[in-house]
Every structure is written in structure tokens, then in C-alpha cells.
Amino acid sequence: MTTILRRDNTPTEELQEVVKRTFEGIEFSYKAVYYLDFEVDEYTGMINKEKLVKFYTSKQMNMNLKACKEAYSKAKFDRK
């Protein structure tokens with residue numbers, strides 16, 4: 001696990017969850033990584049320090065995409 005800084009420069013940990021998907025009739029699951037940061041209103045740019053939501057670094061997005069593709073490929077191959 002890596003440490004990531006939030007908007008207010010406080011450290012937070014990288015979290016994981018199991019994501020279950022169905023694509024083209026094939027069910028598969030994979031571990032996705034993310035971190036929690038304060039909610040930001042996309043129209044005003046105001047930060048809500050009362051609510052934490054999921055965010056992804058570019059590295060986490062790439063890892064999640066790769067894990068998703070691998071899980072789909074494995075499930076598709078096992079189905080045949």
C-alpha cells in the first residue's frame with residue numbers, strides 16, 4: 001500500500017475493493033485500487049470537507065484498467 005496526499009496535504013492510504021462486472025454476457029471480477037479525498041463540486045470547485053469520495057491517480061487508473069482486461073480475458077478463455 002502506498003501513501004497518497006489529500007487536497008489538504010494529509011496522508012491517506014491506498015484502498016482496494018473487489019469489483020464485479022458483466023460484459024457481453026461474461027461475468028468477471030477484479031481488485032480495483034483507489035483513495036478517498038474530499039468531495040469537490042464540479043461546477044463551483046468548492047471542496048466539501050464533510051464527505052469523502054473515491055478518487056484515482058493516473059497510476060491507479062492504469063492498474064485498474066489492466067486488472068479489468070486481464071480478468072475479462074481469463075473469464076472469456078475459461079468459458080470456452
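We use all heavy atoms of the structure for the numbers below, so side chains are in, but hydrogens, waters and symmetry mates are not. Keep in mind it's a predicted model, so treat the numbers as computed, not measured.
Residues Phe28 and Ser73 are not in side-chain contact: their nearest non-hydrogen atoms beyond the backbone lie 4.5 Å or more apart. Put simply, the side chain of Arg21 does not reach to within 4.5 Å of the side chain of Ile26, judged on heavy atoms.
The two residues Pro11 and Thr3 make their nearest non-hydrogen contact at CB-CG2, 3.5 Å.
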Item checked: Residue pair Asn62, Lys59: steps toward the side-chain contact (heavy atoms from CB on, under 4.5 Å) verdict -> CA-CA 5 Å; Asn62 290 333; Lys59 182 180 176 183; 5.8 Å; no
Next item on the list: Kindly indicate, with the supporting measurements, whether the criterion side-chain contact (heavy atoms from CB on, under 4.5 Å) is fulfilled by Thr12 and Leu5.
Entry: CA-CA 6 Å; Thr12 184; Leu5 294 178; over 6 Å; no
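The cluster map of Ile, Leu, Val, Met, Phe, Trp and Tyr, joined by side-chain heavy atoms under 4.5 Å apart, puts Val40 and Met61 in the same cluster. No continuous path of ILVMFWY side-chain contacts below 4.5 Å connects Phe55 to Leu52, so the two sit in separate hydrophobic clusters.
Summarising the geometry, atom CD belonging to Glu13 is positioned 11.0 Å from atom CG belonging to Leu36; distances are rounded to the nearest 0.5 Å. Residue Tyr72 holds its OH atom at 14.0 Å from CZ of Phe77, rounded to the nearest 0.5 Å. A distance of 12.0 Å separates CE in Met63 from OH in Tyr56, rounded to the nearest 0.5 Å. Atom CG of residue Asn64 and atom CD of residue Gln16 lie 9.5 Å apart, to the nearest 0.5 angstrom.
Within the structure, the side chain to side chain donor-acceptor pair (under 3.5 Å) test picks out the following pairs touching residues 42-55 (sequence neighbours left out): Glu17-Lys54, Glu39-Asn48. Legend: side chain to side chain donor-acceptor pair (under 3.5 Å) pairs involving residues 26-37, not counting sequence neighbours, sorted by first then second residue: Arg7-Asp37.
Every residue two or more places apart in sequence or in another chain that forms a side-chain hydrogen bond (donor to acceptor under 3.5 Å, both in side chains) with Asp8 is listed here: Thr10.
Side chain of Thr22 to main chain of Gly25: no donor-acceptor pair is present (N/O by atom type, distance under 3.5 Å, no hydrogens or angles).
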